[in-house]
Student: 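The structure that follows is given in the form of structure tokens.
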Amino acid sequence: MIEVTGLFKAFDGINILKDVDLKVRPGEVCAIIGPSGSGKTTLLRCLNYLEVPDAGVIRVGDFTLDVQRASGDSRLIRQLRRHTGMVFQQFNLFPHKTALENVTEGLIVVQKMPRAEAAERGMLWLAKMGLEDKASAYPGQLSGGQKQRVAIARAMAMEPEVVLLDEPTSALDPELVGEVLLALKKLAQEGVTMVIVTHELGFAREVANKAVFMDGGAILEEGTPLEVFGSANARIRSFAAKLGHSSKQD
Amino acid sequence: MTDISSLIYQIVIPEFSRTLFMVFSATAISAAIGFLLAILLTVSHKDGLRPNRYLYHALDTTINIVRSFPFIILIVAIIPLTRAIVGTSIGEKAAIVPLTIAGAPFIARLVEGSLREVDKELIQAAKSFGASNFQIIFRIMIPEAVPSIISGITLAIVAILGCTAMAGAVGAGGLGAVAITYGYANFDNTVMYGTVFFLIILVQVIQSAGNYLYKVLK
């Protein structure tokens with residue numbers, strides 16, 4: 001469960017997020033869509049403080065953080081981050097570590113888990129991502145889709161309350177997108193709570209229970225994917241039409 | 001002309017061990033101080049983990065000032081400090097003080113560069129796990145930067161070796177002193193070029209060892 005209320009964020013005096021409220025229930029998959037510059041990535045990065053919000057309250061599970069009271073309290077911020085997992089557009093894997101070491105790094109360093117136990121859990125998640133045979137491969141030896149699946153395993157191994165995914169397929173070659181979406185679909189079926197910034201409207205329609213359309217730093221429309229994509233709002237219609245058109249060309 | 005074998009056994013070998021002693025003690029102490037300075041610089045930099053303008057500028061300026069001293073002037077300028085630390089300003093132990101004072105800021109800059117090259121995305125990934133700044137520095141940034149730090153330290157060892165020759169000129173002993181006193185001042189080209197040849201081999205060995213380590217760690 002993740003809930004954010006009254007979230008504000010400005011960069012150099014320009015308001016990027018204007019009073020955003022969002023609630024994702026346990027086991028829900030929430031797709032955040034919208035044109036570039038609408039603030040969707042900033043919203044996602046504010047949820048785990050990779051961007052520092054200016055105001056708002058973030059609640060993950062039973063942990064609540066009030067931005068204005070927590071500012072500068074690195075202990076609270078670390079606690080918030082331990083409740084959330086993050087998957088990045090560019091994978092952000094450690095290049096000098098094997099796939100398994102990438103997955104176990106956070107368990108060993110942050111959660112202080114014994115190495116053997118961390119390796120066991122790491123293998124479990126690599127296997128779930130269909131990568132048990134790549135455990136000792138380095139990121140440089142993996143395809144983009146495999147790298148992103150290692151990154152998903154890395155986020156999941158920490159057993160976060162919610163996984164945040166920032167355009168997880170945008171840096172992939174078109175033929176590799178499917179395997180990552182399939183892996184995410186499996187997680188969704190297992191009841192993993194996810195917030196995902198994506199341009200894959202087809203995936204959002206199929207897997208997400210909830211969709212949010214952002215524009216100009218605010219949420220313009222939210223509901224089930226069908227409701228949002230079928231919205232009468234002209235801004236959403238033109239956006240969906242453009243994406244629909246380009247995805248047919250792929 | 002000097003007899004080659006007695007030159008080697010009586011002068012070059014003892015002085016060679018003095019050179020090694022100076023180079024490696026100065027490198028070890030410089031590396032320890034340099035590392036600490038580099039970490040402080042990286043963390044306090046405006047894009048660092050804990051930006052602090054005042055600390056960064058204080059360190060940055062101090063390092064630049066120390067690095068502006070020509071080494072031969074530095075040796076003389078800090079004689080009182082050297083005496084206070086070692087008790088004398090002559091000999092290879094005394095030379096370690098100026099060698100360290102010149103070496104530490106040099107290594108600090110090299111390590112700072114290596115740490116700053118660590119991909120910001122990796123730091124973000126570590127942050128997203130909830131890693132503390134301490135964990136990010138010691139478990140992510142330094143391990144990722146090790147190959148590049150090794151090649152920086154190799155560069156520093158060779159630079160410090162060059163400085164020992166200058167320290168030799170003002171009484172520190174070592175191979176540099178041999179080349180100057182027995183070779184240059186005695187008009188004995190065999191000794192001078194012979195010593196230089198010895199130094200060339202030493203630099204080759206250091207550089208190859210550094211390159212090898214870099215390749216293995218990469």
Side-chain angles (χ1 to χ4, degrees), chain A residues 41 44-45 47-52 60 63 72 74-97 101-113 118 138-140 147 150-151 154-166 171, chain B residues 35 39-40 42-56 111 113-154 210-218:
Chain A
T41 291
L44 196 77
R45 291 168 60 86
L47 295 179
N48 65 357
Y49 249 80
L50 283 182
E51 297 295 353
V52 180
V60 185
F63 179 79
S74 57
R75 233 191 53 240
L76 280 178
I77 295 166
R78 289 207 304 276
Q79 249 175 305
L80 171 72
R81 287 177 180 156
R82 282 176 207 181
H83 284 81
T84 57
M86 182 89 179
V87 175
F88 299 87
Q89 187 177 349
Q90 300 291 344
F91 330 123
N92 298 16
L93 295 178
F94 303 113
H96 298 127
K97 293 188 163 70
E101 285 164 353
N102 263 282
V103 178
T104 56
E105 182 74 3
L107 296 171
I108 294 167
V109 173
V110 179
Q111 296 189 359
K112 318 262 186 238
M113 187 182 276
Y138 286 89
K147 282 186 215 172
V150 172
R154 179 173 72 175
M156 287 307 302
M158 305 286 282
E159 298 186 342
E161 200 88 31
V162 51
V163 187
L164 311 172
L165 302 105
D166 183 13
Chain B
F35 242 90
I39 290 169
L40 290 174
T42 313
V43 170
S44 64
H45 187 262
K46 69 174 162 47
D47 301 325
L49 291 168
R50 197 159 208 172
N52 184 326
R53 211 148 49 97
Y54 301 106
L55 178 63
Y56 184 82
V111 176
S114 304
L115 289 177
R116 199 168 295 163
E117 271 167 37
V118 173
D119 216 324
K120 288 225 160 40
E121 291 171 346
L122 303 183
I123 296 168
Q124 295 218 334
K127 279 186 181 173
S128 80
F129 305 154
S132 65
N133 287 347
F134 187 86
Q135 289 164 336
I136 292 174
I137 295 162
F138 288 95
R139 306 293 295 266
I140 308 291
M141 292 178 78
I142 293 178
E144 287 295 328
V146 159
S148 144
I149 289 173
I150 292 287
S151 71
I153 302 256
T154 311
N211 290 351
Y212 175 76
L213 263 177
Y214 177 84
K215 242 172 67 188
V216 169
L217 291 166
K218 193 84 189 172

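In what follows, chains carry the letters A, B, and so on, assigned in the order in which the sequence lines appear, proteins first and then strands, with residues in each chain numbered from 1. Side chains are part of it too, since the values below use all heavy atoms of this structure and drop only hydrogens, waters and symmetry mates.
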Student: Within the supplied structure, the quantity of interest is the number of heavy atoms (other residues, nucleotides, ligands) at a distance under 6.0 Å from B:Tyr212 OH; does it exceed 12?
Tutor: no

Student: Measure B:Ile140 against the heavy atoms of chain A and call it side chain, backbone, both or neither at under 4.5 Å.
Tutor: side chain

Student: Let me confirm one number: the NZ-CD distance from A:Lys112 to B:Gln135, rounded to the nearest 0.5 Å.
Tutor: 4.5 Å

Student: Any side-chain heavy atom of A:His96 within less than 4.5 Å of one from B:Pro143?
Tutor: no

Student: Quick check: closest heavy atoms across A:Met86 and B:Ser128, and the distance to 0.1 Å?
Tutor: CB-CB, 3.6 Å

Student: Would you mind reporting whether B:Arg139 and A:Ile108 have side-chain heavy atoms less than 4.5 Å apart?
Tutor: yes

Student: First locate atom CD of B:Gln124, then atom CD of A:Glu51, and finally report the distance between them rounded to the nearest 0.5 Å.
Tutor: 7.5 Å

Student: Need one label for A:Arg75: side chain, backbone, both or neither, based on atoms under 4.5 Å from any heavy atom in chain B.
Tutor: neither

Student: What option among B:Ala126, B:Pro147, B:Ala131 has the most heavy-atom pairs under 4.5 Å with chain A?
Tutor: B:Ala131

Student: Please flag which part of A:Leu80 lies under 4.5 Å from any non-hydrogen atom of chain B: side chain, backbone, both or neither.
Tutor: neither

Student: Heavy-atom distance under 4.5 Å to chain B: side chain of A:Phe94, backbone, both or neither?
Tutor: both

Student: Using 0.5 Å steps for rounding, measure from the CZ atom of A:Phe88 to the CD atom of B:Glu121.
Tutor: 8.5 Å

Student: So, for B:Leu122 and A:Leu93, which heavy atoms are closest and what is the spacing to 0.1 Å?
Tutor: CD2-O, 3.0 Å

Student: Is the shortest side-chain heavy-atom distance between A:Lys97 and B:Glu144 below 4.5 Å?
Tutor: yes

Student: Under a 4.5 Å cutoff for heavy-atom pairs, which residue among A:Leu50, A:Thr84, A:Asn48 has the most contacts with chain B?
Tutor: A:Leu50

